[in-house]
Amino acid sequence: MNQVLVLNSGSSSIKYQLLDMADRRRLAVGIVERIGESGGSAPDHAAGMRTVLSELEGELDRSALAAVGHRVVHGGDRFRGPTRIDDEVCAAIKELIPLAPLHNPANLTLIEAAREAFPDTPQVAVFDTAFHQTLPAPAYTYAVPAEWRDDLGVRRYGFHGTSHQYVSRRAAELLGRRPEEVNMIVLHLGNGASACAVRGGKSVDTSMGMTPLEGLIMGTRSGDLDPAISAYIARRTGRGAEETDLTLNKSSGLLALGGSNDMRDIVAAAEKGDENARLALDAYCYRARKYIGAYLAALGRIDAVVFTAGVGENSAEVRAGVVAGLDHLGIAISPKRNAAKSKEARYISPYWAETAVLVVPTDEEIEIADQALALIG
Ligand SMILES: Nc1ncnc2c1ncn2[C@@H]1O[C@H](COP(=O)(O)OP(=O)(O)O)[C@@H](O)[C@H]1O
Ligand SMILES: CC(=O)OP(=O)(O)O
Ligand SMILES: [Mg+2]
């Protein structure tokens, strides 16, 4: 019994991995994409899950399956760690749907399908929000009326916690230090993107807020903006709150500024002289740099700045753009180290820099599998 199936469902995709935890080997890896879109391979997440199960046919040995680990995006302030799933936990995840309408319904559909497919296997939820439950009140509090905070759950929760947790631990290893000894700023730059201030292995601030919309510029999400903009757009155009929310989540960010949500397209176009793409790239890097400044102030002292996820791991241009001009703070990169292609965790700062700048590939799936196994013992 040493296999774990990890299901990581986004709003329009299901990523899965079957892992043999005895030797930490991937037995199967796959993705069902563009769920619900025309031309996509599955009309909804339930159908997507049937595709996953049929793809796993042959690889999956039910008698060896110790657990199914689920990524669940929103755990509110109720879930502080990995949690064995039962009817009550499902009900709680359902209650949190208003806080994560694009993510939690998909997570629940997968949980239900997996409970049905593997009724005798423990199912474990690993929440994006859990790692950020250590945020102190001044960091998670929005300055809004008590009724919003007390009755409606309005506060900063933070996301990508599983990635920030895994990456910050790996970064400490690379530094040759114990996690309790180091302060760092982790930049998870994927399709969604967030920054996290980590003090002694614990999250003390993060850029995503009540929902995954706040903070950095992302593929299709605006990140930070003046909260008055929604009402202004409503007054000027008659568009309702739902439509504006969808626009800010799905049609903003790099896509709105530079014409593509894929950073590879943006960098290529910017290098060819496309001014919109140049602005998208510069605004993206500038926003991330501002968060480095803010979290440096929050942490007081940092040992490392760490880049991870699709953009952070692969784009030397973005990494260089983000830390540009921070030499006076002891944060700099070596152009040669930054340009080197590698899939390994590595230093990209020059030998003389006071602060390490690292690239650490994230692995949310192995972290979910480890946490699931640790929980069920
Ligand atoms: N070589 C690269 N240069 C720039 N961006 C890249 C590169 N490779 C991948 N990416 C970016 O990584 C993003 C996906 O990151 P990932 O962490 O896999 O996202 P998610 O888990 O949210 O789907 C893509 O949108 C793409 O823009
Ligand atoms: C929570 C979140 O933003 O996740 P993703 O980056 O996978 O969209
Ligand atoms: Mg991701």
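Counting starts at 1 for both ligands and their atoms, following the listed order. Throughout, residue positions are numbered sequentially from 1 according to the sequence presented.
In this structure, the ring of His132 has its center no less than 6.0 angstrom from the ring center of Tyr157.
If you check which protein heavy atom lies closest to atom 3 (N) of ligand 1, you get Arg264 CG, 3.4 Å. Ranking protein heavy atoms by distance to atom 14 (C) of ligand 1, first place goes to Asn191 N, 4.0 Å. Closest protein heavy atom to atom 10 (N) of ligand 1: Gly310 O, 3.6 Å.
Relative to atom 6 (O) of ligand 2, the option among Met218, Met208, His160 with the closest non-hydrogen atom is His160. Counting only non-hydrogen atoms, the option in Asn314, Val311, Leu254 that gets closest to atom 8 (N) of ligand 1 is Asn314. Here the shortest heavy-atom distance to atom 26 (C) of ligand 1, taken over Thr362, Asp262, Asp265, Asn261, belongs to Asp262.
For the residue pair His164 / Ser194, a side-chain donor-acceptor distance below 3.5 Å is found, with atom types taken as modelled. A side-chain donor from one of His188 and Ser163 sits under 3.5 Å from a side-chain acceptor of the other.
Salt-bridge annotation for Arg170 and Glu173: present, with a side-chain N of the basic residue lying under 4.0 Å from a carboxylate O of the acidic one. With salt bridges taken as basic N to acidic carboxylate O contacts below 4.0 Å, none links Arg169 and Glu180. For the pair Asp274 and Arg278, the salt-bridge criterion is not met [side-chain N within less than 4.0 Å of a carboxylate O]. Salt-bridge check for Arg71 with Glu365: failed, with every basic side-chain N at 4.0 Å or more from each acidic carboxylate O.
Both the sub-6.0 Å distance and the 45° axial angle are not jointly satisfied by Arg156 relative to the ring of Tyr140.
Ligand 1 has no N or O atom lying under 3.5 Å from any N or O atom of Ser315, backbone or side chain. Of the polar atoms of Met263, at least one N or O is found under 3.5 Å from an N or O of ligand 1, judged by distance alone.
For ligand 2 and Asp128, the ligand atoms under 4.0 Å from any heavy atom of the residue are 1 (C). In summary, the atoms of ligand 2 found under 4.0 Å from a heavy atom of Arg221, numbered by their order in the structure, are 2 (C), 3 (O), 5 (P), 8 (O). Less than 4.0 angstrom separates some heavy atom of Phe159 from each of these atoms of ligand 2: 1 (C).
At a heavy-atom distance under 4.0 Å, only side-chain atoms of Lys15, from C-beta outward, approach ligand 1.
Residue contacts with ligand 2 leave out Glu364, since none of its heavy atoms falls under 4.0 Å from the ligand.
Counting heavy-atom neighbours within 6.0 Å of Tyr286 OH, excluding the residue itself, gives a total of 12 or less.
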